[in-house]
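These notes concern the structure reproduced below.
Index from 1, following the sequence.
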Amino acid sequence: MEAMIAYSVGMLEAVARFLGSEPIIYLFGLICLAFLVKVVRYIMT
């Protein structure tokens, strides 16, 4: 059971490191900005 928990913790840490890397953060910010621009354009029309 402990081996399974250690494996799960290791996988979650790897995923957290990947999602915390700069390219992913920039991509997420770009998607949010695009959504915000669409909302503003929709409100203005």
Side-chain angles (χ1 to χ4, degrees):
M1 185 70 174
E2 288 184 28
M4 189 173 181
I5 292 171
Y7 175 77
S8 298
V9 168
M11 288 299 292
L12 288 175
E13 287 177 353
V15 168
R17 257 185 271 121
F18 173 73
L19 292 176
S21 65
E22 288 186 15
I24 301 300
I25 292 172
Y26 293 151
L27 182 62
F28 180 72
L30 185 62
I31 291 169
C32 290
L33 180 64
F35 178 73
L36 185 64
V37 167
K38 281 186 179 183
V39 169
V40 169
R41 286 180 61 191
Y42 178 76
I43 290 173
M44 292 178 74
T45 58

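Annotation: side chain to side chain contact (heavy atoms under 4.5 Å, CB included) contacts of Ile25 (sequence neighbours excluded): none. Listed by chain and number, the residues in a side chain to side chain contact (heavy atoms under 4.5 Å, CB included) with Thr45 amount to none (sequence neighbours excluded).
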For residues 4-14, tabulate all N or O donor-acceptor pairs below 3.5 Å that involve a side-chain atom, not counting sequence neighbours.
| residue | atom | partner | partner atom | Å |
| --- | --- | --- | --- | --- |
| Ser8 | OG | Met4 | O | 3.0 |

Contacts under 3.5 angstrom, residues 27-42 side chains, donor-acceptor by atom type, not counting sequence neighbours:
none

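Its side chain within the 4.5 Å cluster rule, Ile24 clusters with Val15, Phe18, Leu19 among the Ile, Leu, Val, Met, Phe, Trp and Tyr residues.
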